[in-house]
Amino acid sequence: MTQNHPRPRTAPSPLHPLDNPARSSLTGPHARFAERRGRILRYPADVTPWLALPDVPDAQDWADVAALAGPGGSVALAAFQDPPPQDWEIVFRAEGVQLVDASVDAAPDPEAVPLGPRDVPEMLDLVARTRPGPFLPRTVELGTYLGIRRGGALVAMAGERLHPPGWTEISGVCTDESVRGQGLASRLVLAVAHGIRERGETPFLHASASNTGAVRLYESLGFRLRRRTEFLSALVPATLPSAEGTRRPSLR
């Protein structure tokens with residue numbers, strides 16, 4: 001007589017480090033930057049605006065986010081899939097893409113120079129003119145930044161931002177209008193990617209899905225689409241109901 005045996009349960013697959021890259025960074029190589037309340041992690045406000053929620057946030061987590069940001073405060077979420085609670089006002093939402101190194105021909109660039117804290121005023125000025133995305137007074141501390149100067153002036157740069165274990169995000173890619181079309185952004189991306197590869201890590205990056213020119217450029221350099229995602233900013237409500245007793249057992 002044949003006996004029926006129950007099938008063994010398959011354990012859920014762990015999330016990839018790039019599925020929640022801010023949290024992977026702040027619980028990994030960027031742990032020194034982490035500000036914490038409960039299960040919520042964030043970077044200092046002058047480093048980068050990104051905040052990291054658990055993979056499955058609950059009501060207590062959102063209460064902790066509100067406590068960190070304060071009533072009416074703005075919260076920035078990168079590569080985030082789930083919406084905030086209904087009473088949070090979304091003030092910015094953009095579809096994004098996450099691209100990873102598939103066949104990037106990374107190489108150092110003889111004209112690229114390291115940028116550091118003394119270069120921050122020039123870097124902030126270039127960012128203000130070109131608007132590549134969030135770059136703040138201490139963003140340069142997140143990793144290596146390289147720039148190209150012409151006539152002594154900084155005209156292009158790129159560097160490293162989020163740092164999940166085994167991965168490093170290329171960010172802050174921008175070029176002054178006066179030198180666009182000369183391939184400086186491509187050269188700097190390849191140079192930053194070279195440094196990441198030299199550490200035994202894999203480059204990745206995010207871009208706005210609507211910036212089709214930038215996406216095509218990155219794909220031409222050897223990056224491939226890994227997933228689509230969202231970037232959003234939301235305002236904390238003036239008052240929130242108590243979330244005590246709603247904690248789920250998950251530690252993620």
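Without hydrogens or angle criteria, Arg161 side chain to Leu205 main chain gives no donor-acceptor distance under 3.5 Å. In this structure, the side chain of Arg227 engages the main chain of Asp19 through a donor-acceptor pair within 3.5 Å. Of the possible polar contacts, none joining the Ser24 side chain to the Pro164 backbone as a donor-acceptor pair under 3.5 Å is found. One N or O on the side chain of Asn20 and one on the backbone of Leu53 form a donor-acceptor pair closer than 3.5 Å. Proximity of a side-chain donor or acceptor of Arg180 to a complementary backbone N or O of Thr175 within less than 3.5 Å is detected.
Within the model, atoms CD of Glu95 and CZ of Phe231 stand 10.5 Å from one another, a figure rounded to the nearest 0.5 Å. Annotation: the span from Asp176 atom CG to Leu154 atom CG amounts to 9.0 Å, rounded to 0.5 Å. Here the CZ atom belonging to Phe92 is positioned 10.5 Å from the OG atom belonging to Ser74, to the nearest 0.5 angstrom.
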Check against side chain to side chain contact (heavy atoms under 4.5 Å, CB included), Trp167 and His16: CA-CA 11 Å; Trp167 300 79; His16 191 282; 3.5 Å; yes
Could you give me the CA-CA distance, side-chain angles and deciding distance for Asp55 and Arg23, then say whether salt bridge (Lys or Arg N to Asp or Glu O under 4.0 Å) is met? CA-CA 9 Å; Asp55 297 328; Arg23 190 168 190 85; 5.6 Å; no
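The hydrophobic clustering, which links ILVMFWY residues whose side-chain heavy atoms are closer than 4.5 Å, places Leu190 and Ile148 together. The hydrophobic clustering, which links ILVMFWY residues whose side-chain heavy atoms are closer than 4.5 Å, places Leu232 and Val236 together.
For Arg131, the CZ atom counts as loosely surrounded, since its 6.0 Å shell holds 12 or fewer non-hydrogen atoms of other residues, nucleotides or ligands. Atom CZ of Arg32 has more than 12 neighbouring heavy atoms from other residues, nucleotides or ligands inside a 6.0 Å radius.
Taking the six-membered ring wherever Trp is involved, the centroid distance between the rings of Tyr218 and Phe204 does not fall below 6.0 Å. Residues Trp50 and His30 keep their aromatic ring centres 6.0 Å or farther apart.
Thr229 and Gln98 share no side-chain donor-acceptor pair at under 3.5 Å. A donor atom on one side chain and an acceptor atom on the other are not found under 3.5 Å apart for Arg224 and Ser103.
A 4.5 Å side-chain heavy-atom check between Leu124 and Val127 finds every atom pair outside the cut-off. The shortest distance between side-chain heavy atoms of Glu141 and Phe33 falls below 4.5 Å.
The only member of His163, Glu169, Glu160 that meets side-chain contact (heavy atoms from CB on, under 4.5 Å) when paired with Ile196 is Glu160.
In the hydrophobic clustering (ILVMFWY side chains linked at under 4.5 Å, chained through shared members), Ile90 stands by itself.
Ring geometry, Trp88 versus Trp62: the interplanar angle exceeds 60°, so the pair is classed perpendicular (tilted spans 30 to 60°).
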